[in-house]
Amino acid sequence: MSVASSPSADAATQRKARLFRALSTEPVLVLPNAWDAASAAVIAAAGATAIATTSGGVSWSLGRGDGQGLSRGEMAQAARRIVDSVDVPVTVDAEGGYGPAPADVAATVRAMVEAGAVGVNLEDSTAVGGPLFGVAEQGARLRAARDAAAAAGLPELFVNARTDVFLFGIGPSDGRLGAVLERTAAYAEAGADGVFVPGLLDLDVLTTLCAASPLPVNAMAVAGGPGVAELARAGVRRVSLGTGLAQAAYAATRRAAAELLGTGGLTALDGSLDFGELDALFGR
């Protein structure tokens with residue numbers, strides 16, 4: 001397939017992409033997920049060495065639901081605002097690539113590279129809840145992503161291949177690990193750099209997967225589930241939170257609003273970030 005050949009990655013993006021790859025070789029990389037410029041700036045100020053975006057959080061912030069409720073252009077614009085708000089590398093949740101064909105995925109990768117992203121997540125679901133693209137079909141989509149990144153001047157782009165076998169309960173439960181391993185092998189052959197298996201937090205299964213996987217495994221931590229140390233001991237190399245931080249932020253907003261509208265109290269505002277501290281994050 002043909003892809004655009006004019007480089008669009010600037011020197012700063014190339015430098016951050018190399019840094020992100022170096023960070024990805026560490027025993028475990030923790031990636032808090034941002035949904036807008038302010039959340040990214042706060043996460044960076046908290047000490048994050050790199051940031052991921054959350055498609056759900058970005059969509060909610062723009063008044064849409066998750067699951068490719070935004071267009072490719074809208075997500076790229078949101079990614080650019082996040083990238084511009086921080087100095088650390090940013091990897092973007094590009095959902096399903098905003099179209100089923102390899103050419104659609106290639107166009108998405110070009111847009112995210114132009115926005116300054118150093119990595120992308122690409123799902124193998126055809127829709128929320130499934131079904132999934134066939135193994136060969138998704139492999140072709142990932143190869144298109146790899147080729148598009150190189151053509152856009154960023155061969156270092158980290159392609160994180162998300163498989164939704166566990167998240168959406170695809171196939172018999174006793175066959176899911178085998179299905180993920182089959183897909184992981186194909187995705188590695190297609191040029192993916194990592195595999196993301198949301199919905200899988202069983203430490204025994206994760207340990208087996210991490211030992212057998214040809215790609216480093218990314219797990220999505222959730223409230224009440226295993227923490228970073230436990231996931232790392234299972235062999236997980238990358239931990240993200242999906243919409244978790246956005247949900248926590250919106251929960252804090254609802255608590256404060258409910259108290260204000262109910263009792264007229266303000267105790268839910270205790271511990272808020274100082275105005276000056278927050279505002280100073282944008283004096284860039």
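A donor-acceptor pair is defined here as one N or O able to donate and one able to accept, closer than 3.5 Å; such a pair exists between the side chain of E259 and the backbone of T267. Judged by distance alone, with hydrogens and angles left aside, the side-chain atoms of R237 form no donor-acceptor pair with the main-chain N or O of P216 at under 3.5 Å. No donor-acceptor distance shorter than 3.5 angstrom exists from the side chain of N218 to the backbone of V195, with no hydrogens or angles considered. Between the side chain of S85 and the backbone N or O of I82 there is at least one donor-acceptor pair closer than 3.5 Å. Checked by atom type and distance alone, the side chain of E156 never pairs as donor or acceptor with a backbone atom of A17 at under 3.5 Å. A donor-acceptor pair under 3.5 Å is formed between the side chain of R72 and the backbone N or O of D104. Under a 3.5 Å cut-off, the side chain of S71 and the backbone N or O of E74 do form a donor-acceptor pair. A donor-acceptor pair under 3.5 Å is absent between the side-chain atoms of R110 and the main chain of A152, judged by distance alone. Side-chain atoms of R162 do not come within 3.5 Å of backbone N or O of G96 as any donor-acceptor pair.
Side-chain contact annotation: R141 with Q138, donor-acceptor N/O pair under 3.5 Å present.
For the pair A221 and P226, the tightest heavy-atom approach, listed with the atom from each and the gap, is CB-O, 4.3 Å. Considering all non-hydrogen atoms of both residues, P89 and V118 come closest at CB-CG2, 3.7 Å. Considering all non-hydrogen atoms of both residues, V58 and A34 come closest at CG2-O, 4.4 Å. For R238 against L31, the heavy-atom pair with the smallest separation is NE-CD1, 3.3 Å. The two residues T108 and A94 have their closest heavy-atom pair at CG2-CB, 3.9 Å. G57 and A246 get closest at one heavy-atom pair: CA-CB, 4.3 Å.
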request  = Show your working on side-chain hydrogen bond (donor to acceptor under 3.5 Å, both in side chains) between D93 and N121 and close with a plain yes or no.
outcome  = CA-CA 5 Å; D93 182 351; N121 272 15; 5.0 Å; no

query = How far apart are the C-alpha atoms of T207 and D204, what are their side-chain angles, what is the distance that settles it, and do they pass the side-chain hydrogen bond (donor to acceptor under 3.5 Å, both in side chains) test?
reply = CA-CA 5 Å; T207 298; D204 290 336; 5.4 Å; no

task = Apply side-chain hydrogen bond (donor to acceptor under 3.5 Å, both in side chains) to S61 and D36, showing your working.
result = CA-CA 7 Å; S61 74; D36 60 11; 5.5 Å; no

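Checked against salt bridge (charged side-chain N to carboxylate O under 4.0 Å, His left out), R183 has the following partners two or more places apart in sequence or in another chain: D124. Scored by the salt bridge (charged side-chain N to carboxylate O under 4.0 Å, His left out) test, D193 finds R21, R146 as partners (sequence neighbours excluded).
Counting non-hydrogen atoms of other residues, nucleotides and ligands closer than 6.0 Å to CD of Q14 gives a total above 12. Enclosure of atom CD in E189 is not indicated, since only 12 or fewer non-hydrogen atoms of other residues, nucleotides or ligands lie within 6.0 angstrom.
The hydrophobic clustering, which links ILVMFWY residues whose side-chain heavy atoms are closer than 4.5 Å, places L181 and L200 together. Note: the hydrophobic cluster containing V30 also contains V197 (ILVMFWY, side chain heavy atoms under 4.5 Å, direct or indirect links). Under the 4.5 Å side-chain heavy-atom criterion for grouping Ile, Leu, Val, Met, Phe, Trp and Tyr, F20 is not connected to V90 through any hydrophobic cluster. Linking Ile, Leu, Val, Met, Phe, Trp and Tyr whenever their side-chain heavy atoms come within less than 4.5 Å puts I170 and V205 in one cluster. Both L241 and V92 are assigned to one and the same hydrophobic cluster, defined by single-linkage of ILVMFWY side chains at heavy-atom distances under 4.5 Å.
L209 is listed as a side-chain neighbour of L177, based on a closest heavy-atom distance under 4.5 Å. Taking the side chain as every heavy atom from C-beta outward, F196 and S240 approach each other to under 4.5 Å. The shortest side-chain heavy-atom distance between I43 and L245 falls under the 4.5 Å cut-off. T91 is not listed as a side-chain neighbour of N160, based on a closest heavy-atom distance of 4.5 Å or more. Side-chain atoms of V109 and V159, non-hydrogen and from C-beta on, never get closer than 4.5 Å to each other. With contacts defined as side-chain heavy-atom distances shorter than 4.5 Å, the pair F166/D202 does not qualify. Side-chain contact check for L260 versus L266: some heavy-atom pair is nearer than 4.5 Å. Considering only heavy atoms from C-beta on, M75 stays 4.5 Å or farther from Q68 through its side chain.
Atoms CG and OG, on D66 and S59 in that order, are 5.0 Å from each other to the nearest 0.5 Å.
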Identify every side-chain donor-acceptor pair in residues 269-283 under 3.5 Å, counting partners at least two apart or on other chains, and give the distances.
| unit_1 | atom_1 | unit_2 | atom_2 | d |
| --- | --- | --- | --- | --- |
| S272 | OG | L269 | O | 2.5 |
| D274 | OD2 | G276 | N | 2.9 |
| D274 | OD2 | E277 | N | 3.1 |

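Ring pair Y250/W35 is tilted by interplanar angle, where 30° to 60° counts as tilted.
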